[in-house]
Amino acid sequence: MKPVDPRLLRYAGAARGFLAASALIGVVQTVVVIVFAGLLTDAVTGAIAGRDVTASLLALLGTALLRGLLIAASDAAGTRAAAKTGMQLRAALIRAVGTLGPSWLAQRNQAGLAVTAGHGLEALDSYFARYIPQLVMTAIATPVLLAIMWWFDWESGLIATVTLPLIPLFLILIGIATRTVQQKQWNTLQQLAVRFADTVQGLSTLRLFGRERRAADRIESTADDYRRETMKVLRFSFLSGFAMELLASLAVALIAVAVGFRLLSGDLSLEIGLFVLLLAPEAFLPIRQVGVQFHAASEGVAATEDIFAVLDEAGARRKAVPNSGRTAPRAADSAGSRPVSGILPELGTDAPPHLTVENLRVRELPPVSFAAEPGTITLIEGPSGSGKTSLLAALRGAVAFEGAAALGGVDVRELSPADWTAWAGQAPGLLQGTIAANVSLGDDAPDEARVRASLAGACADLDPELVLGVQGNGLSGGQAQRVAVARALYRQAAGPRRVLLLDEPSSALDADTEQRLWSSLRERADAGAMILLVSHRRTAREIADHVVALGVHA
């Protein structure tokens, strides 16, 4: 592992500022250490000689307090830098995921990614508050103190210079072994998170088939594996600390023995001998602390490496597609209320732009071509497996496709899907919280009137303040589906230029509720909305302006 990954400085401005602050504090601390050793030497030798050492003791006390304040300032700056860096990396990670798109995210370990962005980045506190300051101190203080030791007593400086490299040598050897167990610990933690998330998600099904006990046993087994891996890391950490302390102690002891013999023989003065002995432990201290704090910071470092991999991949994607992932600035809707996000001002008009699809092909499915206009409902129908859902997934960036799809003449692959689509899929994807919070998901300033209007438009006769459990627990399948449709209607109302994408919105509805939903969608289209509707229901033809038949109907 590199002492400081250059990507950390590139992706997080707070890290650059903290590194500069640590260097400044390190320089001052080095000066304080030298002054402290000089004052203590003067106080001891002065007391032996019978001089008044009151001034030296007062100065010594002030120097000790200043050193304590510098250590406290370093810790405070490190904690603040860790918080800011964590925020910057999380924000960069979210932007990167948006750039890479849903198709990339669908192929990733999402629970592991959440652990990395959450618990992993929280572990940066030790990295910034302890590891980096000691690393900077090693780079600044150790060579300066060695140079001073050489200047005042070259023999002590020679002993320190010869023995000092043994500490990083053993640190590297132990670090190589530690690296393996630390990576296994981190991977096990991610597996535990994935297994727990999957179990919670499928808990109702597991209970239905009486398999919840087996799932709990598997979680317990993975947790036990994580405990064992953690204990291995701790054993290596203690071994590393013991080796470094032993080597540093032996090195200082060699210097002390050599100084003692030369003091007895009269080849060295007490002032120089004591001064060198006081500096020797300080020369070894920073590098010893680097080894100790390396283990404490390893979890945060592992998390940043995972995040850097995502950020690098997103950077490569941006270079390949220069306009990919761009996000338009916010704009107000016709009612003047604040929308969820901006809607494509670069397209040049206030009216919803046209959507043109030409020979769009997803994987091995047949190519699709059609054009959709504002104020119309385009029905996409066909048998199961004909590519209806895949077509919507391609338009909203969830899967890669061949061919062309343009909104107002702009390739949809160059646009952020969240900016130009309002989508409701077959899986409602509800969260724990109120129905209103689920409908207005993503809006920093929810509009209560719009929430109620969206629920009414989705034929969801539900109390917006009703609190749902995990994954929307508390609603029937049809109710959950209508809440998901209401969420899409809310987003489309917040930005009328969004294209409304609905995938089988009536699959869990009875005939009467379905007709009410069709009427609501027809009214919205007549008001100017562009709607792409995927449905296997023949009744959807009654409200459609255009029909795109896939599969055997093509």
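Note that this is a predicted model, so its numbers are computed, not measured.
Scanning all heavy atoms of the two residues, the minimum distance from M149 to A283 falls at SD-CB, 4.5 Å. When all heavy atoms are compared, the tightest approach of A256 to L277 is CA-CD2, 3.4 Å. Counting all heavy atoms, side chain and backbone alike, V259 lies closest to G273 at CG1-CA, 3.8 Å. Across A23 and V136, no two heavy atoms sit closer than the pair CA-CG1, 3.5 Å. The minimum heavy-atom distance linking V144 with I34 is given by the pair CG1-CD1, 4.0 Å.
F401 is linked by a ring-ring contact (aromatic ring centres under 6.0 Å, His included) to nothing, counting only residues two or more places apart in sequence or in another chain. Partners of W150 according to the side-chain hydrogen bond (donor to acceptor under 3.5 Å, both in side chains) rule, which considers only residues two or more places apart in sequence or in another chain, are T161. With sequence neighbours excluded, no residue forms a side-chain contact (heavy atoms from CB on, under 4.5 Å) with M87. Taking the salt bridge (charged side-chain N to carboxylate O under 4.0 Å, His left out) definition, one finds that E155 meets it with R262, sequence neighbours left out. A92 pairs by the side-chain contact (heavy atoms from CB on, under 4.5 Å) definition with R95, L311, not counting sequence neighbours. Legend: residues meeting side-chain contact (heavy atoms from CB on, under 4.5 Å) with S390, ordered by chain and number and at least two apart, are V362, R363, L365. Shown here are the salt bridge (charged side-chain N to carboxylate O under 4.0 Å, His left out) partners of R228, two or more places apart in sequence or in another chain: D224, D225. Annotation: side-chain hydrogen bond (donor to acceptor under 3.5 Å, both in side chains) contacts of S22 (sequence neighbours excluded): none. Scanning for ring-ring contact (aromatic ring centres under 6.0 Å, His included) contacts around F36 gives an empty result, with sequence neighbours left out.
For the atom pair CD1 of I140 and CG of L135, the computed distance is 10.0 Å after rounding to the nearest 0.5 Å. Rounding to the nearest 0.5 Å gives a distance of 11.0 Å between CG of L146 and CG of L158. Here T138 contributes atom OG1 and F284 contributes atom CZ; the two are 12.0 Å apart, rounded to the nearest 0.5 Å. With rounding to the nearest 0.5 angstrom, the CG atom of L278 is 4.5 Å from the CG atom of L274. For the atom pair L24 CG and L19 CG, the distance stands at 12.0 Å (nearest 0.5 Å). Atom CG of L468 and atom CG of N438 lie 5.5 Å apart (nearest 0.5 Å).
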Problem - Trace of the side-chain contact (heavy atoms from CB on, under 4.5 Å) decision for R487 with L430 - result: CA-CA 10 Å; R487 178 191 294 163; L430 302 184; 3.5 Å; yes
Practice task
With side-chain hydrogen bond (donor to acceptor under 3.5 Å, both in side chains) as the test, would you mind laying out the steps for S156 and D153 before giving the verdict?
Solution key: CA-CA 6 Å; S156 297; D153 181 22; 2.5 Å; yes
Exercise for the section: Given side-chain contact (heavy atoms from CB on, under 4.5 Å), test T142 with M137 step by step and report yes or no. Expected result: CA-CA 7 Å; T142 299; M137 277 294 293; over 6 Å; no
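The shortest distance between side-chain heavy atoms of I48 and L270 falls below 4.5 Å. Under the 4.5 Å side-chain criterion, counting only non-hydrogen atoms from C-beta, V410 is in contact with L415. Between I255 and T163 the shortest side-chain heavy-atom distance does not fall below 4.5 Å.
Remark: the backbone N or O of W423 is not paired with any side-chain donor or acceptor of R491 at under 3.5 angstrom. A donor-acceptor contact shorter than 3.5 Å links the side chain of T222 to the backbone of R218.
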Enumerate, atom names and distances included, each donor-acceptor pair closer than 3.5 Å involving a side-chain atom of residues 59-76, sequence neighbours excluded.
residue: T63; atom: OG1; partner: A59; partner atom: O; Å: 2.7
residue: R67; atom: NH1; partner: E282; partner atom: OE2; Å: 3.2
residue: R67; atom: NH2; partner: E282; partner atom: OE1; Å: 2.8
residue: R67; atom: NH2; partner: E282; partner atom: OE2; Å: 3.4

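Applying the side chain to side chain donor-acceptor pair (under 3.5 Å) test to residues at least two apart or on different chains, the pairs with a partner in residues 34-47 are D42-R51, D42-S56. Residue pairs meeting the salt bridge (Lys or Arg N to Asp or Glu O under 4.0 Å) criterion with at least one member in residues 268-279: none, sequence neighbours excluded.
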